[in-house]
Amino acid sequence: MREVRVDLGQDRSYRVIIGSGILWQLGRLTKDIKGQPKIMLISNPLVFDLYGAKAVDSLRGAGLTVNIALMPDGEEYKNLEQLQLMLDEAARVGLERSSVIIALGGGVVGDLAGFTASIYQRGIAFIQVPTTLLAQVDSSVGGKTAVNHPRGKNLIGTFHQPALVLIDTATLDTLREEEFRAGLGEVVKYGIILDQNLFQLLEKEAQGLLKREAEVVQEVVYRCVRIKSQIVAQDEKEAGLRMILNFGHTFAHSIEKLGHYKEIKHGQAVAIGTLMASILARNMGKIDSTQLSRIVHLFRCLGVSLKVPDYPAQMIYEGMLNDKKVKDEGLRIIVPQGIGGYDIIYNPAPDSIIEAIREAKDYPYGCRYEALND
Ligand code: NAD
Ligand code: GLY
């Protein structure tokens with residue numbers, strides 16, 4: 001079992017506990033941090049069928065009262081209506097200031113449950129039990145909560161840190177292949193801009209990771225969480241440094257929006273955005289062609305598709321400018337500086353972005369690859 005501490009001062013620091021097959025410890029760990037709280041566990045039917053009994057048994061075994069609230073499965077349900085339903089349920093079962101909301105699921109469940117906890121009775125404690133790779137390496141740590149609005153993804157939300165994150169990497173065994181690979185997009189992101197040792201580990205262990213070998217998965221999740229926790233500890237509310245975690249995301253959000261959040265998965269869009277930002281970096285001399293090839297090769301080895309959907313480059317670029325933050329503060333693109341470093345490009349020339357998008361569409365490896373040796 002590994003542990004990372006997210007250091008946010010005396011009151012709000014929390015532990016991220018990572019291990020394979022540790023879900024049964026949820027009850028004891030909840031009691032350790034919160035005593036005897038009333039619990040509302042939020043999940044979706046798919047995840048609850050797989051892991052609900054184990055989580056609930058552990059909590060009840062520790063003498064805790066557990067209410068269960070399920071939301072439908074899917075990004076389209078990360079909305080205000082579901083938030084209202086969760087708040088109704090919290091009130092109906094009588095959650096109090098001392099109660100705890102537990103999120104059991106991927107990033108969708110985590111974001112909605114976290115938001116519910118952040119506003120119910122002006123904020124109660126919540127615990128993240130992430131069950132997708134993306135949620136384990138990214139969304140469960142750092143306290144961003146949100147729901148979508150028809151005018152934009154994650155448009156309404158709060159910062160509300162969890163009191164504990166319990167990562168059972170064995171839950172990834174049941175994850176659909178496409179979901180696992182989508183999460184790998186975020187994993188590679190950390191390696192490219194923040195940790196060349198992680199990048200090298202991924203190159204070396206790509207096959208083990210794809211086969212979801214327990215030790216490899218646990219090590220990779222641990223390293224990603226460690227990186228994310230260090231960034232969050234320095235810049236909790238994204239005043240500056242934390243924006244580097246958006247590497248690839250400005251391109252990705254535009255692509256996701258063009259596909260109405262249905263045609264392409266977030267993690268895959270991030271991988272494509274990462275390719276575009278890396279091509280921009282190569283064109284600006286921040287990485288060389290060999291480093292760009294290594295990045296593409298790693299995605300390829302991990303079976304992450306870099307196929308750019310068929311939207312015109314100009315439309316993808318215009319979508320990037322539509323973001324509210326971009327309108328207020330100008331376009332900022334995070335690019336790699338070598339492998340394991342980053343730079344921020346402020347207001348890049350439009351042609352340079354459009355060129356990078358075009359090149360990504362035509363890139364020799366920009367076609368669908370499955371695993372390296374299938
Ligand atoms: P998701 O939550 O939709 O999960 C993907 C699918 O996997 C779902 O069908 C889910 O039911 C299923 N699933 C979950 N765990 C499973 C398991 N162990 N076995 C089998 N199936 C399982 O998607 P996601 O990729 O986890 O999260 C995406 C969301 O995360 C987006 O809404 C995104 O905006 C958000 N996000 C938030 C942050 C943050 O910092 N808060 C960061 C990145 C992404
Ligand atoms: N996923 C980016 C962040 O948490 O800041």
Side-chain angles (χ1 to χ4, degrees), residues 6 23 42-52 54-55 70-79 82 103-115 118 126 128-148 152-162 165 167-187 189-190 193-194 212 217 224-225 227-232 234-250 252-253 256-257 261-262 264-270 334:
V6 183
L23 185 55
I42 299 181
S43 190
N44 71 33
L46 192 162
V47 178
F48 192 78
D49 274 358
L50 290 165
Y51 303 108
K54 199 173 266 182
L70 300 186
M71 62 179 286
D73 189 4
E75 178 75 35
E76 64 270 39
Y77 297 102
K78 202 178 96 172
N79 59 25
Q82 285 300 321
L104 175 71
V108 166
V109 166
D111 277 12
L112 187 96
F115 195 5
S118 75
F126 93 113
Q128 288 269 22
V129 185
T131 59
T132 63
L133 182 59
L134 181 137
Q136 296 191 351
V137 299
D138 189 359
S139 64
S140 63
V141 176
K144 280 187 182 175
T145 84
V147 294
N148 301 325
K153 194 168 147 68
N154 295 332
L155 209 57
I156 308 162
T158 56
F159 282 96
H160 186 59
Q161 299 293 340
V165 184
I167 299 181
D168 183 346
T169 50
T171 59
L172 301 181
D173 290 348
T174 51
L175 200 59
R176 285 191 300 269
E177 190 61 31
E178 69 199 89
E179 298 294 351
F180 188 76
R181 292 186 191 197
L184 289 172
E186 300 284 354
V187 170
K189 168 188 93 175
Y190 289 120
I193 56 164
L194 286 160
R212 307 187 201 181
V217 172
C224 293
V225 168
I227 294 169
K228 176 134 191 200
S229 69
Q230 284 163 356
I231 303 277
V232 169
Q234 290 174 71
D235 179 21
E236 184 185 358
K237 303 254 168 94
E238 203 169 310
L241 178 69
R242 188 166 172 173
M243 76 169 157
I244 64 174
L245 296 177
N246 293 331
F247 173 45
H249 283 61
T250 316
H253 286 158
E256 283 180 276
K257 196 163 182 199
Y261 304 104
K262 283 193 187 122
I264 187 158
K265 298 217 160 291
H266 173 74
Q268 196 197 330
V270 168
I334 319 300

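All ligand and atom numbering here is 1-based and tracks the order in the structure. Worth saying up front: this structure is predicted, and the values here are computed from it rather than measured.
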Check ligand 2 for N or O atoms under 3.5 Å from a protein N or O and list each pair with its distance.
unit_1: ligand 2; atom_1: 1 (N); unit_2: Asp138; atom_2: OD1; d: 3.0
unit_1: ligand 2; atom_1: 1 (N); unit_2: Asp138; atom_2: OD2; d: 3.2
unit_1: ligand 2; atom_1: 4 (O); unit_2: Lys228; atom_2: NZ; d: 2.5
unit_1: ligand 2; atom_1: 4 (O); unit_2: Arg242; atom_2: NH2; d: 2.8
unit_1: ligand 2; atom_1: 5 (O); unit_2: Lys144; atom_2: NZ; d: 2.9
unit_1: ligand 2; atom_1: 5 (O); unit_2: Arg242; atom_2: NE; d: 2.7
unit_1: ligand 2; atom_1: 5 (O); unit_2: Arg242; atom_2: NH2; d: 3.4

For ligand 1, list all ligand N or O to protein N or O distances below 3.5 Å, rounded to 0.1 Å.
unit_1: ligand 1; atom_1: 2 (O); unit_2: Gly107; atom_2: N; d: 3.1
unit_1: ligand 1; atom_1: 2 (O); unit_2: Val108; atom_2: N; d: 3.0
unit_1: ligand 1; atom_1: 9 (O); unit_2: Asp73; atom_2: OD1; d: 3.1
unit_1: ligand 1; atom_1: 9 (O); unit_2: Asp73; atom_2: OD2; d: 2.8
unit_1: ligand 1; atom_1: 9 (O); unit_2: Arg176; atom_2: NH2; d: 3.4
unit_1: ligand 1; atom_1: 11 (O); unit_2: Asn44; atom_2: ND2; d: 3.0
unit_1: ligand 1; atom_1: 11 (O); unit_2: Asp73; atom_2: OD1; d: 3.0
unit_1: ligand 1; atom_1: 11 (O); unit_2: Asp73; atom_2: OD2; d: 3.0
unit_1: ligand 1; atom_1: 15 (N); unit_2: Thr131; atom_2: O; d: 3.2
unit_1: ligand 1; atom_1: 15 (N); unit_2: Thr131; atom_2: OG1; d: 2.7
unit_1: ligand 1; atom_1: 18 (N); unit_2: Thr131; atom_2: O; d: 3.0
unit_1: ligand 1; atom_1: 18 (N); unit_2: Thr171; atom_2: O; d: 2.8
unit_1: ligand 1; atom_1: 18 (N); unit_2: Thr174; atom_2: OG1; d: 3.4
unit_1: ligand 1; atom_1: 19 (N); unit_2: Thr174; atom_2: O; d: 3.4
unit_1: ligand 1; atom_1: 19 (N); unit_2: Thr174; atom_2: OG1; d: 2.8
unit_1: ligand 1; atom_1: 26 (O); unit_2: Gly107; atom_2: N; d: 2.8
unit_1: ligand 1; atom_1: 26 (O); unit_2: Thr132; atom_2: OG1; d: 2.6
unit_1: ligand 1; atom_1: 27 (O); unit_2: Gly107; atom_2: N; d: 3.2
unit_1: ligand 1; atom_1: 32 (O); unit_2: Glu75; atom_2: OE1; d: 2.6
unit_1: ligand 1; atom_1: 32 (O); unit_2: Glu75; atom_2: OE2; d: 3.1
unit_1: ligand 1; atom_1: 32 (O); unit_2: Lys78; atom_2: NZ; d: 2.8
unit_1: ligand 1; atom_1: 34 (O); unit_2: Lys78; atom_2: NZ; d: 3.1
unit_1: ligand 1; atom_1: 34 (O); unit_2: Lys153; atom_2: NZ; d: 2.9
unit_1: ligand 1; atom_1: 34 (O); unit_2: Asn154; atom_2: ND2; d: 3.4
unit_1: ligand 1; atom_1: 41 (N); unit_2: Asp111; atom_2: OD1; d: 2.9
unit_1: ligand 1; atom_1: 41 (N); unit_2: Lys144; atom_2: O; d: 2.9

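A search for side chain to side chain donor-acceptor pair (under 3.5 Å) contacts involving Thr169 returns nothing, not counting sequence neighbours. Here His160 pairs with Phe126 under the ring pair (Phe, Tyr, Trp, His ring centres under 6.0 Å) rule; sequence neighbours left out.
Using a cut-off of 4.0 Å between Lys/Arg side-chain N and Asp/Glu carboxylate O, Arg212 and Asp173 are scored as not salt-bridged. Lys262 and Glu75 are not joined by a salt bridge, as no carboxylate oxygen comes within less than 4.0 angstrom of a charged side-chain nitrogen. Lys265 and Glu256 are not joined by a salt bridge, as no carboxylate oxygen comes within less than 4.0 angstrom of a charged side-chain nitrogen.
Considering Val109, Val108, Leu70, Leu112 as possible partners of Asn44, the one that fulfils the side-chain contact (heavy atoms from CB on, under 4.5 Å) test is Val109. For the pairing with Val129, the side-chain contact (heavy atoms from CB on, under 4.5 Å) check across Ile167, Asp168, Leu104, Val47 returns one residue only, Leu104. Just one residue in the list Leu133, Asp138, Leu245 forms a side-chain contact (heavy atoms from CB on, under 4.5 Å) with Glu186, and that residue is Asp138.
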Problem - Intermediate values then yes/no, side chain to side chain contact (heavy atoms under 4.5 Å, CB included), Asn79 and Asn148 - result: CA-CA 5 Å; Asn79 59 25; Asn148 301 325; 5.7 Å; no
